[in-house]
Enquirer: 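Below is the structure I would like to discuss, written out as structure tokens.
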Amino acid sequence: MVGDTYNVGSTIEQSIDNSIFVKVDERYELVCVAFRLAEAEEYSRCLVPDYSLEVDTWFSGFKGHPVVDYIKCVREKYNLGYSIVAKMATMIQIEKDGVSIDRKCISVKNFTGEYRSCWTRRIFRKLVRLLDDFYRDSEFHTFYENHLAYYRSIVKSSADVLSKVSLDIIEQTFCSDQYPVDIYLGLLSGPSNYSIPGVEIRKHWNKHIAIVVGVGMYDVFDQSPHISEIQLDIIIHEICHFFTRSVVDKLYGSISRSMTTIYDNIRDKMIAQGYGNPRSMTGEWINELFTTFYLVSIESDNEIQSHIVSNEERGFIFFGETFALMKKVAMDDSNWIDKEFIPAIISYSESLPQRWPELQESFIERHPRVISTKPGNNSVIIRKKSEVIIEFSEPMKTGISGTSKLEDYDFLPIDFSSCHWEGEKMFVFEVNGDLMDSGNQYAFRLPLACFVSRQSYHLSNDVDIVFTAK
């Protein structure tokens, strides 16, 4: 049951069945604004244009503030960002006399682990001092107070969506009690979502886990920003992080060497997604396995296959194999993760570096290809025989198709209303021959993302097709 919206200090909150607490928190908004001014990409992708304009207008004179300069410095030197920024927001307090460190949240363990290179007590203390100055100088609290009604509407509309999340399924997946979840709504976070690490090791932990979810305007009829139903899978992903961290702790020592080798092979892809070292990459892989395992109970086989392929495209080309392994060892035994899953993953990972070339080749082969065109590519198209037939190597999802224009060529005059599939491997483009000039060249592109196989793999590459009219 969705409860009423109410204020807790400078936090606006609404509960769902006393297990999910949806919030807009002044601390998080403060930190997000500071990192936005520092041009941190993950806090500059706001999906609420009116709000971002108000933020940019109010704080336009503070782009050279010392806190902004310091954030730029530590980002460049230590790659500070993403979930650590969210974590910092929950470790400060805002009172009448300004911003200070929340001593209840401080523990040495908060500055250890995979983030220790970028997240130290020295950095934290200096950031808080500078944030306090910025809070006062910019009259941040006045800005926040001016938007309270707006924040309440965002919390209410997001709570309606979040009521569809089932924490019971998470308990069944991990054979463990599920703690209540604090969901901080990020107005400036855009599509970014973070599990806040370390809340469970605080001195006075409230037995809640915490995640950040970005909100946006997703429909012309939306009255206020909110969480989209599309994000529910991501929210489950972030909640799962709380459980899977201990799983990674148990197995990483045994697979660190293999994971380091794999990381070196996909480093650029991982860094682009915010995974700056082999351990964080491993954490994401294991967490996605459990997220997908949860989704099996609520989604179709086709949707699960799409999740698998999506992870393979991200760089985890071994994801399909390891998810099949996970399903094989999963059982009703409450201790199956320790007894079956962790040993199976350790054993699998030992041979992963040696098998990498084989896995890469297999991954490439799973993508569909165009094996023929009629008329042939770079050949003559007869104006009176006005159709082009594309044959694919794999059965395709027949509802997906599209084209784009090639530079330096006239676009082939396709009659899109008459285009159709013949079976699952052939697509027919009907062409308006009367609109072609004899001797002229016409072309179009099949974008790789517009044609997808039944197994959810997109084309291996864009395909450019050129004809000369006769």
Enquirer: Could you tell me if Thr261 and Trp356 have a donor-acceptor pair between their side chains, going purely by distance under 3.5 Å?
Expert: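 No.
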Enquirer: Are Ile211 and Ile239 packed together at the side-chain level, in the sense that at least one heavy-atom pair is separated by less than 4.5 angstrom?
Expert: yes
Enquirer: Would you check if Ile71 and Leu37 make a side-chain contact, meaning some heavy-atom pair closer than 4.5 Å?
Expert: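 Not touching, per the 4.5 Å side-chain cut-off.
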Enquirer: If you compare all heavy atoms of Val466 against all heavy atoms of Asn377, which two are closest, and at what distance to 0.1 Å?
Expert: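 Heavy atoms of Val466 and Asn377 come nearest at N-OD1, 2.8 Å.
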Enquirer: Checking side-chain contact (heavy atoms from CB on, under 4.5 Å) for the pair Phe242/Val181: CA distance, chi angles, key distance, verdict?
Expert: CA-CA 10 Å; Phe242 178 80; Val181 182; over 6 Å; no
Enquirer: Tell me, with the steps shown, if Gln441 and Asn378 meet side-chain contact (heavy atoms from CB on, under 4.5 Å).
Expert: CA-CA 9 Å; Gln441 284 192 307; Asn378 292 305; 5.9 Å; no
Enquirer: Any donor and acceptor pair, going by atom type alone, linking the side chain of Ser460 with main-chain N or O of Arg369 inside 3.5 Å?
Expert: no
Enquirer: Can you list the residues that meet the side chain to side chain donor-acceptor pair (under 3.5 Å) rule with Asn193, with sequence neighbours excluded?
Expert: none
Enquirer: Taking the side chain as every heavy atom from C-beta outward, state whether Lys397 and Ser453 have any atom pair closer than 4.5 Å.
Expert: no
Enquirer: Using side-chain heavy atoms (C-beta onward) and a distance below 4.5 Å, is Ile183 in contact with Glu13?
Expert: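 No, every pair of side-chain atoms sits at 4.5 Å or beyond.
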Enquirer: Could you pull out all residues at least two apart from Phe392 that satisfy ring-ring contact (aromatic ring centres under 6.0 Å, His included)?
Expert: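 In terms of ring-ring contact (aromatic ring centres under 6.0 Å, His included), with neighbours along the sequence ignored, Phe392 is linked to Trp421, Phe451.
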Enquirer: Heavy-atom distance under 4.5 Å between the side chains of Phe429 and Ile465, does that happen here?
Expert: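 Result no, sub-4.5 Å side-chain heavy-atom pair not found.
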Enquirer: Which atoms form the tightest heavy-atom contact between Met436 and Ala469, and what is the distance?
Expert: CB-CB, 4.1 Å
Enquirer: Would you say Gln273's side chain and Arg314's backbone share a donor-acceptor pair under 3.5 angstrom?
Expert: yes
Enquirer: Given the side-chain rings of Tyr194 and Tyr28, with only the six-membered ring counted for Trp, is the space between their centroids under 6.0 Å?
Expert: no
Enquirer: Who pairs with Asp462 by side chain to side chain contact (heavy atoms under 4.5 Å, CB included), at least two apart in sequence or on another chain?
Expert: Arg445, Pro447, Leu448
Enquirer: List the atom pairs, donor and acceptor, that lie under 3.5 Å between side-chain atoms in residues 407-415 and the rest of the protein, sequence neighbours left out.
Expert:
unit_1 : atom_1 : unit_2 : atom_2 : d
Asp410 : OD2    : Asn440 : ND2    : 2.7
Asp415 : OD1    : Ser417 : N      : 3.4
Asp415 : OD1    : Ser417 : OG     : 2.7
Asp415 : OD2    : Ser418 : OG     : 2.9

Enquirer: The criterion is side chain to side chain donor-acceptor pair (under 3.5 Å); which residues satisfy it with Thr282, sequence neighbours excluded?
Expert: none
Enquirer: So, does Ser157 use its side chain to make a donor-acceptor pair with the main chain of Pro225 at under 3.5 Å?
Expert: yes
Enquirer: More than 12 heavy atoms of other residues, nucleotides or ligands under 6.0 Å from NZ of Lys374: is that the case?
Expert: no
Enquirer: One pair to check against side-chain contact (heavy atoms from CB on, under 4.5 Å): His367 and Glu394. What are the steps and the verdict?
Expert: CA-CA 8 Å; His367 291 75; Glu394 303 291 333; over 6 Å; no
Enquirer: Can you name the side chain to side chain contact (heavy atoms under 4.5 Å, CB included) partners of Lys250, sequence neighbours left out?
Expert: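 Counting only residues at least two positions away or on another chain, Lys250 forms a side chain to side chain contact (heavy atoms under 4.5 Å, CB included) with Asp338, Ile342.
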Enquirer: Could you give me the CA-CA distance, side-chain angles and deciding distance for Phe341 and Phe290, then say whether ring pair (Phe, Tyr, Trp, His ring centres under 6.0 Å) is met?
Expert: CA-CA 11 Å; Phe341 175 75; Phe290 278 93; 5.1 Å; yes
Enquirer: Has the side chain of Thr292 got a donor or acceptor atom that lies under 3.5 Å from a matching backbone atom of Glu288?
Expert: yes
Enquirer: Among all residues two or more places apart in sequence or in another chain, which pass the side chain to side chain contact (heavy atoms under 4.5 Å, CB included) test with Ser372?
Expert: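 Ser372 satisfies side chain to side chain contact (heavy atoms under 4.5 Å, CB included) with Glu391 only.
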Enquirer: Mind checking side chain to side chain donor-acceptor pair (under 3.5 Å) for Glu54 and listing every partner two or more places apart, or none if nothing turns up?
Expert: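 Here the qualifying residues are His147.
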Enquirer: Taking only residues two or more places apart in sequence or in another chain, which ones pass side chain to side chain donor-acceptor pair (under 3.5 Å) with Glu229?
Expert: Lys164
Enquirer: Which pair of non-hydrogen atoms, one from Arg152 and one from Ile12, has the smallest distance, and what is that distance?
Expert: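 Where Arg152 meets Ile12 most closely, the heavy atoms are CG-CG2, 3.7 Å.
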Enquirer: Is there a donor-acceptor contact under 3.5 Å linking the side chains of Glu303 and Ser300?
Expert: yes
Enquirer: Could you give the distance from CG (Asn265) to CD1 (Ile317), rounded to the nearest 0.5 Å?
Expert: 8.0 Å
Enquirer: When you measure from the side chain of Thr90 to the backbone N and O of Lys87, does any donor-acceptor pair fall under 3.5 Å?
Expert: yes
Enquirer: Using the test side chain to side chain contact (heavy atoms under 4.5 Å, CB included), find all partners of Glu312 that sit at least two apart in sequence or belong to another chain.
Expert: Ile308, Phe319, Phe363, Arg366, Tyr457
Enquirer: Considering residues, nucleotides and ligands other than Glu76, do more than 12 of their heavy atoms fall under 6.0 Å from its CD?
Expert: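 Not buried by this count: 12 neighbours or fewer within 6.0 Å.
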Enquirer: Which pair of non-hydrogen atoms, one from Leu187 and one from Val48, has the smallest distance, and what is that distance?
Expert: O-CG2, 4.1 Å
Enquirer: Mind checking the CG-NE2 spacing from Leu47 to His226? Nearest 0.5 Å is all I need.
Expert: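 Reported value, rounded in 0.5 Å steps: 11.0 Å.
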Enquirer: Is any side-chain N of the basic residue among Glu42 and Arg75 closer than 4.0 Å to the acidic one's carboxylate O?
Expert: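 Yes, charged N to carboxylate O under 4.0 Å.
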Enquirer: Students often mix this up, so state it plainly: with edges at 30° and 60°, are the rings of Trp285 and Phe318 parallel, tilted or perpendicular?
Expert: perpendicular
Enquirer: Val296 versus Phe323: any side-chain heavy-atom pair under 4.5 Å?
Expert: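 Yes, their side chains come closer than 4.5 Å.
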Enquirer: Could you go through Val215 and Val213, starting from their C-alpha distance and side-chain angles, then the distance that decides it, and tell me whether this counts as side-chain contact (heavy atoms from CB on, under 4.5 Å)?
Expert: CA-CA 7 Å; Val215 299; Val213 182; 5.8 Å; no
Enquirer: Take a 6.0 Å sphere around CD of Glu424 and say whether it holds more than 12 heavy atoms from other residues, nucleotides or ligands.
Expert: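 Yes, because the 6.0 Å sphere around CD of Glu424 holds more than 12 heavy atoms from other groups.
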Enquirer: Indicate yes or no: at least one non-hydrogen side-chain atom of Ile364 is less than 4.5 angstrom from one of Glu361.
Expert: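 The answer is no, as the side chains (C-beta and beyond) never meet within the 4.5 Å cut-off.
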Enquirer: Could you tell me whether Lys405 atom NZ has more than 12 heavy atoms of other residues or ligands within 6.0 Å of it?
Expert: yes
Enquirer: Any idea which heavy atoms bring Lys269 and Glu313 closest together, and the distance?
Expert: NZ-O, 3.0 Å
Enquirer: Gln305 side chain to Gln455 main-chain N or O, any donor-acceptor pair under 3.5 Å?
Expert: yes
Enquirer: Could you list the donor-acceptor pairs under 3.5 angstrom formed between side-chain atoms of residues 343-350 and any protein atom two or more places apart in sequence or on another chain?
Expert:
unit_1 : atom_1 : unit_2 : atom_2 : d
Tyr348 : OH     : Glu321 : OE1    : 2.6
Ser349 : OG     : Ile345 : O      : 2.8

Enquirer: Between Val247 and Phe243, is there a side-chain heavy-atom distance shorter than 4.5 Å?
Expert: no
Enquirer: Judged by atom type as modelled, is there a donor-acceptor pair below 3.5 Å linking the side chain of Tyr263 to the main-chain atoms of Tyr275?
Expert: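 Here the side-chain-to-backbone pair exists.
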Enquirer: Are the side chain of Ser306 and the backbone N or O of Asn302 linked by a donor-acceptor pair below 3.5 Å?
Expert: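 Such a contact is found between Ser306 side chain and Asn302 backbone.
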Enquirer: What heavy-atom pair brings Val309 and Ser456 nearest, and what distance separates the two atoms?
Expert: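 Result for this residue pair: CG1-O, 3.2 Å.
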Enquirer: Identify, with sequence neighbours excluded, every residue that meets ring-ring contact (aromatic ring centres under 6.0 Å, His included) alongside Tyr442.
Expert: none
Enquirer: Would you say the side-chain atoms of Ser158 pair up with the backbone N or O of Ile227, donor to acceptor, closer than 3.5 Å?
Expert: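 A pair under 3.5 Å: yes.
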Enquirer: Please work out which of the three classes, parallel, tilted or perpendicular, describes the rings of Phe444 and Phe467, given edges at 30° and 60°.
Expert: tilted
